[in-house]
Amino acid sequence: MRDKTQTNSAAPGDRLVRAGAVVFFIGAVATLVTVAPLFLGTTPFPTFMFGLSMLMAVGFMMAGAGVLRSVSAGRRQARAGR
């Protein structure tokens, strides 16, 4: 079955995993920017920066949903192949 799969073909959850990784990275940068004033002794950032830090969790959930979608599509394909 592997010989029939193209290397550049996108699985059902691939885009969701990629988007989740981008959102997670943006949240990680926002977290670093939010925590930096604590170590530098400067004034803290506004509250909305703490909200942007939550993008890490959102990105993680998006990527997890993409993985689950890919797994379920693989199971469906395996059942249909029997």
Engineer: Tell me every residue that passes side chain to side chain contact (heavy atoms under 4.5 Å, CB included) with Pro44, counting only those two or more places apart in sequence or in another chain.
Structural biologist: none

Engineer: Side-chain heavy atoms nearer than 4.5 Å, only ILVMFWY residues, links allowed to pass through others: does that put Met54 and Phe60 together?
Structural biologist: no

Engineer: Please report the shortest heavy-atom distance between Phe50 and Phe45, naming the atom on each side.
Structural biologist: CE1-O, 4.1 Å

Engineer: Quick one: OG on Ser53 to CG on Leu32, what's the gap to the nearest 0.5 Å?
Structural biologist: 9.0 Å

Engineer: So which residues get pulled into Val71's cluster when ILVMFWY side chains under 4.5 Å apart are joined, directly or through others?
Structural biologist: Val17, Val67

Engineer: For Met62, which residues count as a side chain to side chain contact (heavy atoms under 4.5 Å, CB included) partner, sequence neighbours excluded?
Structural biologist: Leu16, Ala19, Val23, Val58

Engineer: Starting at CE of Met61, measure out to CG of Leu55 and round the result to the nearest 0.5 Å.
Structural biologist: 13.5 Å

Engineer: Using modelled atom types and a 3.5 Å cut-off, is there a donor and acceptor pairing between side-chain atoms of Thr34 and backbone atoms of Ala30?
Structural biologist: yes

Engineer: What's the separation between atom CD1 in Ile26 and atom CE in Met56, rounded to the nearest 0.5 Å?
Structural biologist: 12.5 Å

Engineer: Verify the cluster assignment for Phe24 and Val29: are they in a single hydrophobic cluster under the rule of side-chain heavy atoms below 4.5 Å apart?
Structural biologist: no

